[in-house]
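Single-structure report; data block below.
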Amino acid sequence: MPELPEVEAVCRKLRPAEGARVIQMRFTRPSLAKPQRASRIEQKVAGAVIQQIARRGKNILLWLDSGDALHVHLRMTGNLLLVPDVRLRSVGTRAWMELEGGRGIIYEDPRALGKIHLLTRDEVDKKLSAVGIEPLSDTFTLEHLASQAANSRKPAKLFLMDQRHVAGLGNIYAAEALFRARVHPQRPIGELRKPKLTALHTAIRDVLAEAMDSAVAAYAEPDRFNEGESFPCAVYDREGEPCPRCGRKVKRIPQGGRSTYFCGGCQK
DNA sequence: TCGATCCTGTAG
DNA sequence: CTACAGGATCGA
């Protein structure tokens, strides 16, 4: 689930926990904390107050009154939820926190590829210094994108998925943005001229903004399945289906060890 | 810069 | 059974 829009939606759902004190924290899958020690994190988080919940790219930060922060990365299948009763946690739970008053923050992750670390301010700063610009902020200008892209031979899709350039795009929205901008995923990003870059800049912002609306709407409902609310993909996971623009068949190619979907007809 | 790796679930 | 998955890191 989690690219920028979904991670943002998760943060919004957690925000009512701001100001709450943590009674206890437990890892039911200690390897999520690696290379840190899960037991040490449990020990240090117990008794702390969650002051602020923030997002940077796909990174989630739970700032504590101790000055440290719990850094959570959902990776492929992670999810965080705030529940009214911490005892209601399910079998997919990999870690959990009991809050004052009985509420709970639950971390679920079927594949258990996610990460939960306890970082100092300095460690957070260092971590985030490697993260690129927020694509939905005012600072993400065409000029900024152009300067990042200049002189790079990296294939456009891999460039978009590289968190050091633009933070928050993943396999789905990178593909969707390229489709809208009519850019071929293997095209070296540095070859794009002003008009194409402009289209790509717009496409990134539009795709993410629309996906954000879907994600927030879907997550707003108290945990029921909202199939209809999800973002309508034009090409992602649509191999063999007709392109909604030109009707040619959507293709799938491997790129960076992942699948890229695109239309060979209109993405050049 | 690329492939292997971390894990488990599900679809074909 | 194999292939693949909305991600990122590490070592060659």
Side-chain angles (χ1 to χ4, degrees), chain A residues 1-11 27-36 38 55-60 71-80 90-95 107-117 119 123 126-132 135 151-179 185-186 188-190 204 207-208 210-216 218-219 225-227 229-241 250-262:
Chain A
M1 304 160 64
E3 297 186 31
L4 185 151
E6 293 79 19
V7 175
E8 175 62 25
V10 164
C11 286
F27 283 86
T28 46
R29 178 63 71 95
S31 60
L32 290 188
K34 277 200 290 196
Q36 297 187 339
R55 178 194 61 76
R56 181 77 173 81
K58 300 175 196 168
N59 301 278
I60 298 170
H71 172 259
V72 181
H73 200 299
L74 307 176
R75 293 280 181 96
M76 301 279 259
T77 53
N79 192 17
L80 273 175
S90 71
V91 277
T93 299
R94 304 299 191 188
Y107 180 73
E108 295 178 341
D109 188 351
R111 286 177 73 180
L113 292 172
K115 288 291 170 194
I116 302 179
H117 294 135
L119 304 180
E123 288 168 335
K126 187 177 174 196
K127 185 96 193 161
L128 297 188
S129 69
V131 177
N151 306 320
S152 171
R153 305 290 311 159
K154 198 176 288 186
K157 166 89 168 346
L158 298 184
F159 173 87
L160 292 185
M161 289 183 66
D162 188 332
Q163 303 299 302
R164 292 170 299 187
H165 296 131
V166 181
L169 286 164
N171 206 30
I172 293 182
Y173 301 132
E176 294 297 314
L178 290 171
F179 172 75
Q186 291 175 316
I189 192 75
I204 291 168
V207 164
L208 289 178
E210 289 169 30
M212 181 88 80
D213 287 345
S214 315
V216 170
Y219 284 47
F225 296 99
N226 286 331
E227 295 289 337
E229 302 279 14
S230 60
F231 180 88
C233 290
V235 288
Y236 178 78
D237 202 22
R238 294 189 179 280
E239 182 183 17
E241 294 181 38
V250 172
K251 293 185 189 171
R252 178 168 71 95
I253 57 169
Q255 242 185 333
R258 326 269 312 267
S259 289
T260 295
Y261 299 86
F262 71 105

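As a basis for the values below, the full set of heavy atoms in this structure was taken, side chains included, without hydrogen atoms, waters or symmetry mates. Numbered from 1 within each chain, the chains take letters A, B, ... in sequence-line order.
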Give a yes/no on whether any side-chain N or O of [X] is located under 4.0 angstrom from OP1 or OP2 of [N].
{"X": "A/Gln163", "N": "C/dA8", "value": "yes"}
{"X": "A/Thr77", "N": "C/dG7", "value": "no"}
{"X": "A/Lys115", "N": "C/dA8", "value": "no"}
{"X": "A/His73", "N": "C/dA8", "value": "yes"}

Could you give the [atom1]-to-[atom2] distance, from [X] to [N], as a whole number of Å?
{"X": "A/Glu3", "N": "C/dA8", "atom1": "CD", "atom2": "C1'", "value": "13 Å"}
{"X": "A/Lys34", "N": "C/dA8", "atom1": "NZ", "atom2": "P", "value": "19 Å"}
{"X": "A/Met161", "N": "C/dT9", "atom1": "CE", "atom2": "C1'", "value": "14 Å"}
{"X": "A/Leu74", "N": "C/dA5", "atom1": "CG", "atom2": "C1'", "value": "16 Å"}
{"X": "A/Leu113", "N": "C/dA5", "atom1": "CG", "atom2": "C1'", "value": "10 Å"}
{"X": "A/Ile172", "N": "C/dC4", "atom1": "CD1", "atom2": "P", "value": "17 Å"}
{"X": "A/Leu160", "N": "C/dA8", "atom1": "CG", "atom2": "C1'", "value": "17 Å"}
{"X": "A/Arg111", "N": "C/dG7", "atom1": "CZ", "atom2": "C1'", "value": "9 Å"}

Side-chain heavy-atom pair [X], [Y] within 4.5 angstrom cut-off:
{"X": "A/His165", "Y": "A/Phe159", "result": "yes"}
{"X": "A/Leu32", "Y": "A/Tyr107", "result": "yes"}
{"X": "A/Val10", "Y": "A/Asn79", "result": "yes"}

Assign A/Arg94 to base, sugar-phosphate, or nothing according to its heavy-atom contacts below 4.0 angstrom with the strands shown.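 If one applies the 4.0 Å heavy-atom cut-off, A/Arg94 turns out to touch the sugar-phosphate alone, with no base involved.
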5'-most by nearest nucleotide on DNA chain C - A/Arg258 or A/Arg252: A/Arg252
Quick check: closest heavy atoms across A/Leu4 and A/Met212, and the distance to 0.1 Å?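 That closest heavy-atom pairing would be CD2-CE, 3.9 Å.
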Taking the [atom1] atom in each of [N] and [M], what is the distance between them to the nearest angstrom?
{"N": "B/dC7", "M": "C/dG11", "atom1": "P", "value": "16 Å"}
{"N": "B/dT10", "M": "C/dA8", "atom1": "P", "value": "23 Å"}
{"N": "C/dC1", "M": "B/dC6", "atom1": "C1'", "value": "23 Å"}

For [X], check side chain to side chain donor-acceptor pair (under 3.5 Å) against everything at least two apart and list the hits.
{"X": "A/Ser90", "answer": "A/Glu108"}
{"X": "A/Gln255", "answer": "A/Thr260"}
{"X": "A/Asn171", "answer": "A/Lys157"}
{"X": "A/His71", "answer": "A/Asn59"}

Rounded distance (nearest 0.5 Å) linking atom CD of A/Glu176 with atom CG of A/Leu160: 12.5 Å
Using a 4.0 Å cut-off to any heavy atom of chain A, which nucleotides of DNA chain B are the first and last in contact, reading 5' to 3'? B/dC6 to B/dT8
Base-pair map of DNA chain C as dot-bracket, where | denotes pairing with a different strand and pairs are Watson-Crick or G-U under 3.5 Å: |||||.||||||
Give me the one residue out of A/Glu3, A/Lys154, A/Arg258 that meets side chain to side chain contact (heavy atoms under 4.5 Å, CB included) with A/Met161. A/Arg258
